[in-house]
Trainee: 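Below you will find the structure I want to go over with you.
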Amino acid sequence: MNLLEIKNLQMDFGAGAGAARAIDGVSLAIGEGETVCLVGESGCGKSVTAQSIARLVPTPPAYYVGGEILLNGRDTLKMSPRELCTIRGGVVSYVFQEPGAALNPVFRIGAQIRESLKLHRPKKAQPADVVRLLKLVGIPAPESRSKNYPFELSGGMQQRVMIAMALASEPKLLVADEPTTALDVTIQAQILDLLRDLKQRLGMAILLITHNLGIVGDMADRVAVMYAGQIVEQSSARELLRRPLHPYTRALLNSVPKLGGNADRLTAIPGQVPHPGEFSAGCRFAPRCPQAKRECSEKVPELTEAESGRWVRCPFWETGV
């Protein structure tokens with residue numbers, strides 16, 4: 001059973017003649033207890049798509065112009081502000097990038113976690129419950145740490161506090177938006193291990209947003225690759241890593257550094273992700289694609305099922321396999 005279903009989501013920034021289509025026909029489903037990774041370069045629309053689930057993107061400047069976002073079978077795009085308050089935190093919680101910026105610097109971390117408990121689980125908003133959550137996310141000496149301010153904690157500890165705040169409401173879906181950004185490699189591994197362990201213990205689903213395909217194999221059940229506001233490939237994580245179909249997915253995988261390689265330079269994708277409103281008429285990846293044909297710049301490709309359970313937005317995907 002799907003906990004989340006995003007169907008043909010379309011979002012513009014701006015209105016009238018100056019409107020730019022930032023999210024264009026995105027469809028994505030997450031089952032109960034499933035981990036899905038949303039992958040792509042910065043500027044592809046990953047965070048905007050994720051924040052749209054609970055309608056966190058301010059309107060204006062954004063406008064939801066089409067599609068559905070079904071969370072537990074209810075369309076969040078049709079919810080009133082009061083209804084949205086019940087699902088924000090209560091059903092879906094977020095762990096944002098840069099925990100040092102997300103945490104309030106003038107309140108102790110225990111008070112911030114307790115505030116989350118008061119909003120969603122008021123009967124559990126006790127100091128002992130704050131300590132329990134800090135212990136759950138692996139913070140040592142949780143009683144004394146609850147009295148610390150955010151600036152007194154390392155980046156990894158701050159991220160654990162953010163995860164504790166997100167778990168305070170006992171959500172069914174945890175959205176982790178680049179949870180390892182700006183952390184060193186050792187701490188990144190610890191945070192990912194923590195998310196994997198919490199998923200198994202609490203039975204929640206996870207939407208993990210990343211531009212790093214190196215962590216997908218350890219975390220994801222399924223992967224959706226996003227480029228310029230569109231999903232260009234969807235597959236099980238195992239199949240995608242074994243044999244990517246879309247040229248963009250292959251380019252992302254080729255850009256991951258490999259141990260023991262003899263290359264003088266890292267492999268990079270030429271060019272950059274176009275801004276909304278500057279998308280090409282045909283395939284949006286065509287200007288950067290090494291196997292682009294003349295037809296690619298003339299016709300927008302559809303997302304089609306190339307193989308059982310594998311979807312790709314490229315009519316010439318077989319030429320690169």
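Since this is a predicted model, take the numbers as computed values, not measurements.
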Trainee: Enter the distance from Thr249:OG1 to Arg243:CZ here, rounded to the nearest 0.5 Å.
Mentor: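 Reported to 0.5 Å precision, the distance equals 12.5 Å.
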
Trainee: For Gly45, does its backbone N or O pair with a side-chain atom of Thr49 as donor and acceptor, under 3.5 Å?
Mentor: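 Indeed, once roles are kept as given, a pair shorter than 3.5 Å links the two residues.
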
Trainee: With distance as the sole test, does Arg196 use its side chain to make a donor-acceptor pair with the main-chain N or O of Asp218 at under 3.5 Å?
Mentor: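 Flag set: sc Arg196 to bb Asp218 pair under 3.5 Å.
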
Trainee: My understanding is that only residues two or more places apart in sequence, or in another chain, count here; which of them pass side chain to side chain contact (heavy atoms under 4.5 Å, CB included) with Asp12?
Mentor: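 Testing Asp12 for side chain to side chain contact (heavy atoms under 4.5 Å, CB included), a comparison that skips the adjacent residues, returns Ala19, Arg21, Val65.
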
Trainee: Are Leu202 and Ile191 connected into the same hydrophobic cluster when the rule is that any two of I, L, V, M, F, W, Y join if their side-chain heavy atoms are below 4.5 Å apart?
Mentor: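 Both belong to a single hydrophobic cluster.
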
Trainee: Nearest 0.5 Å please: distance from the CZ atom of Phe13 over to the CD1 atom of Ile23.
Mentor: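 If I round to the nearest 0.5 Å, the distance is 7.5 Å.
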
Trainee: Looking at CG of Leu173 and CD1 of Ile53, how far apart are the two atoms once the value is rounded to the nearest 0.5 Å?
Mentor: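 Answer rounded to 0.5 Å: 5.5 Å.
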
Trainee: Does CD belonging to Gln10 count more than 12 external heavy atoms closer than 6.0 Å?
Mentor: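 Result for CD/Gln10: enclosed.
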
Trainee: Hydrophobic cluster membership, with links at side-chain heavy-atom distances under 4.5 Å among I/L/V/M/F/W/Y: are Leu77 and Val92 in one?
Mentor: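 Yes, one cluster joins them.
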
Trainee: So, the side chain of Tyr64 versus the backbone of Thr59: is there a donor-acceptor pair under 3.5 Å, distance only?
Mentor: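 Answer holds: no.
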
Trainee: Assess the residue pair Ile231 and Leu38 against the criterion (side chain to side chain contact (heavy atoms under 4.5 Å, CB included)); give the C-alpha distance rounded to whole Å, side-chain angles, the decisive distance to 0.1 Å, and a yes or no.
Mentor: CA-CA 9 Å; Ile231 300 292; Leu38 189 57; 3.9 Å; yes

Trainee: To check you understand the geometry: which heavy-atom pair defines the closest contact between Pro140 and Arg145, and what is its length?
Mentor: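 The pair with the smallest heavy-atom distance is O-CG, 3.2 Å.
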
Trainee: Surrounding CZ of Arg238 (heavy atoms of other residues, nucleotides or ligands, distance under 6.0 Å), is the total greater than 12?
Mentor: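 No, not enclosed.
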
Trainee: Parallel, tilted or perpendicular, judged at 30° and 60°: which one describes the rings of Tyr227 and Phe285?
Mentor: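 Judged by the thresholds at 30° and 60°, the geometry between Tyr227 and Phe285 is perpendicular.
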
Trainee: Report yes or no: does Lys172 contribute a side-chain atom to a donor-acceptor pair with the main-chain N or O of Gly203 at less than 3.5 Å?
Mentor: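 Side chain of Lys172 to backbone of Gly203, a donor-acceptor pair under 3.5 Å: no, none is there.
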
Trainee: Is there a side-chain contact between Ile69 and Leu4, using heavy atoms and a 4.5 Å cut-off?
Mentor: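 Yes - at least one pair of side-chain heavy atoms lies under 4.5 Å apart.
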
Trainee: Determine the sole option in Leu195, Leu194, Ile215, Ile163 for which the side chain to side chain contact (heavy atoms under 4.5 Å, CB included) test with Pro179 is passed.
Mentor: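 That would be Leu195; it is the only one of Leu195, Leu194, Ile215, Ile163 passing the side chain to side chain contact (heavy atoms under 4.5 Å, CB included) with Pro179.
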
Trainee: Is the shortest distance from a Lys or Arg side-chain nitrogen in Asp24 or Arg284 to a carboxylate oxygen in the other one below 4.0 Å?
Mentor: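 Here Asp24 pairs with Arg284 in a salt bridge, since their nearest N and O are under 4.0 Å apart.
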
Trainee: Do the side chains of Cys314 and Pro301 get nearer than 4.5 Å, heavy atoms only?
Mentor: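 Pro301 vs Cys314: side chains apart.
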
Trainee: Can any side-chain N or O of Arg108 pair as donor or acceptor with the backbone N or O of Lys147 at less than 3.5 Å?
Mentor: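 At least one qualifying donor-acceptor pair exists.
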
Trainee: Which atom pair, heavy atoms only, marks the closest approach of Val57 to Gln51?
Mentor: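 Taking Val57 first and Gln51 second, the nearest heavy atoms are CG2-CB, 3.8 Å.
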
Trainee: Sub-3.5 Å donor-acceptor pair from the side chain of Gln112 to the main-chain atoms of Met165, do we have one?
Mentor: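 No; zero donor-acceptor contacts below 3.5 Å.
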
Trainee: Please check if the number of heavy atoms outside Arg242 that lie under 6.0 Å from its CZ is greater than 12.
Mentor: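 Atom CZ in Arg242 is crowded, with more than 12 foreign heavy atoms closer than 6.0 Å.
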
Trainee: If you define the side chain from C-beta out and look only at heavy atoms, does anything of Glu143 sit under 4.5 Å from Pro127?
Mentor: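 The answer is no, as the side chains (C-beta and beyond) never meet within the 4.5 Å cut-off.
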
Trainee: Which heavy atom of Ala166 sits nearest to which heavy atom of Val95, and what is that distance?
Mentor: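 It is CB-CG2, 3.9 Å.
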
Trainee: Can you pull the side chain to side chain donor-acceptor pair (under 3.5 Å) pairs that have at least one residue in residues 66-76, sequence neighbours excluded?
Mentor: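 Of all non-adjacent pairs touching residues 66-76, those that pass side chain to side chain donor-acceptor pair (under 3.5 Å) are Arg74-Glu83.
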
Trainee: Could you tell me which non-hydrogen atom of Gly31 sits nearest to which non-hydrogen atom of Ala205, and how far apart they are?
Mentor: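 Heavy atoms only, the tightest pair is O-CB, 3.6 Å.
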
Trainee: Please walk me through it: do Met157 and Asn148 pass side chain to side chain contact (heavy atoms under 4.5 Å, CB included)?
Mentor: CA-CA 11 Å; Met157 287 289 191; Asn148 287 150; over 6 Å; no

Trainee: Under 4.0 Å between a side-chain nitrogen and a carboxylate oxygen: does that hold for Glu233 and Arg310?
Mentor: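 Salt bridge: yes.
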
Trainee: Does some side-chain heavy atom of Arg55 sit less than 4.5 Å from a side-chain heavy atom of Arg88?
Mentor: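 Arg88 reaches Arg55 side chain to side chain.
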
Trainee: Any side-chain heavy atom of Asn2 within less than 4.5 Å of one from Leu70?
Mentor: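 With C-beta onward as the side chain, the pair stays apart.
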
Trainee: Heavy atoms, side chains only, cut-off 4.5 Å: are Trp317 and Thr304 in contact?
Mentor: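 The answer is no, as the side chains (C-beta and beyond) never meet within the 4.5 Å cut-off.
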
Trainee: Tell me the closest heavy-atom pair linking Gly33 and Asp221, and the distance in Å.
Mentor: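 Heavy atoms only, the tightest pair is O-OD2, 4.4 Å.
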
Trainee: Return the CZ to CG distance between Arg132 and Leu117, rounded to the nearest 0.5 Å.
Mentor: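 Here the interatomic distance stands at 7.0 Å.
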
Trainee: Among residues at least two apart in sequence or on other chains, which ones pass side-chain hydrogen bond (donor to acceptor under 3.5 Å, both in side chains) with Ser116?
Mentor: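 With sequence neighbours excluded, Ser116 shows a side-chain hydrogen bond (donor to acceptor under 3.5 Å, both in side chains) to no residue whatsoever.
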
Trainee: Who clusters with Tyr149? Use side-chain heavy atoms, under 4.5 angstrom, across I, L, V, M, F, W and Y, and order the result by chain and number.
Mentor: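 Cluster partners of Tyr149: Phe151.
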
Trainee: Does Glu298 have any side-chain hydrogen bond (donor to acceptor under 3.5 Å, both in side chains) partners at least two apart in sequence or in another chain, and if so, which?
Mentor: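 Scan of Glu298 (side-chain hydrogen bond (donor to acceptor under 3.5 Å, both in side chains), adjacent residues dropped) gives Arg294.
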
Trainee: Say you draw a straight line from CG of Leu28 to CD1 of Ile6; how long is it, rounded to the nearest 0.5 Å?
Mentor: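 With rounding to 0.5 Å, CG (Leu28) is 5.0 Å from CD1 (Ile6).
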
Trainee: Are Met11 and Tyr63 joined in one hydrophobic group, where the rule is that I, L, V, M, F, W and Y side chains link up if heavy atoms are under 4.5 Å apart?
Mentor: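 Per the 4.5 Å side-chain linkage, Met11 and Tyr63 are not co-clustered.
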
Trainee: Are Met204 and Leu167 side-chain neighbours, meaning at least one heavy-atom pair lies under 4.5 Å?
Mentor: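 A side-chain contact under 4.5 Å exists here.
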
Trainee: So, Arg313 side chain and His246 main chain: donor-acceptor pair closer than 3.5 Å or not?
Mentor: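 Checking the backbone N and O of His246 against the side chain of Arg313, no donor-acceptor pair under 3.5 Å is found.
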
Trainee: Given 3.5 Å as the limit, does a donor-acceptor pair link the side chain of Gln190 with the main chain of Gly156, or not?
Mentor: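 Pair absent, no side-chain N/O of Gln190 close to backbone of Gly156.
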
Trainee: Could you give the distance from CD (Glu178) to OG (Ser47), rounded to the nearest 0.5 Å?
Mentor: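 OG of Ser47 is found 6.5 Å from CD of Glu178.
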
Trainee: Any pair with a residue in residues 27-39 that passes side chain to side chain donor-acceptor pair (under 3.5 Å), sequence neighbours left out, goes on the list, sorted by first then second residue, please.
Mentor: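 For residues 27-39, and leaving out neighbouring residues, the side chain to side chain donor-acceptor pair (under 3.5 Å) pairs sorted by first residue read Glu34-Arg222, Thr35-Lys199.
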
Trainee: Is any side-chain heavy atom of Leu174 closer than 4.5 Å to a side-chain heavy atom of Leu198?
Mentor: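 SC-SC contact between Leu174 and Leu198 ruled out.
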
Trainee: Side-chain heavy atoms under 4.5 angstrom apart, residues restricted to Ile, Leu, Val, Met, Phe, Trp, Tyr: same cluster for Ile30 and Leu56?
Mentor: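 Yes, because Ile30 and Leu56 connect within a single hydrophobic cluster, where side-chain heavy atoms sit under 4.5 Å apart.
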
Trainee: Step by step, work out the side chain to side chain contact (heavy atoms under 4.5 Å, CB included) result for Gln272 and Glu41.
Mentor: CA-CA 9 Å; Gln272 60 185 8; Glu41 295 170 276; over 6 Å; no

Trainee: Please lay out, stage by stage, how Cys44 and Tyr248 fare under the test side chain to side chain contact (heavy atoms under 4.5 Å, CB included).
Mentor: CA-CA 12 Å; Cys44 285; Tyr248 179 58; 3.8 Å; yes

Trainee: Looking at Ser169 and Gly89, would you say the former's side chain and the latter's main chain have a donor-acceptor pair under 3.5 Å?
Mentor: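 Looks like yes, one N/O pair under 3.5 Å.
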
Trainee: Would you say Leu303 ends up clustered with Val26 if hydrophobic residues are merged whenever their side chains have heavy atoms under 4.5 Å apart, either directly or through other cluster members?
Mentor: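 Same cluster.
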
Trainee: Verify, without hydrogens or angle tests, whether Arg160 (side chain) and Ile139 (backbone) share a donor-acceptor contact under 3.5 angstrom.
Mentor: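 Such a contact is absent between Arg160 side chain and Ile139 backbone.
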
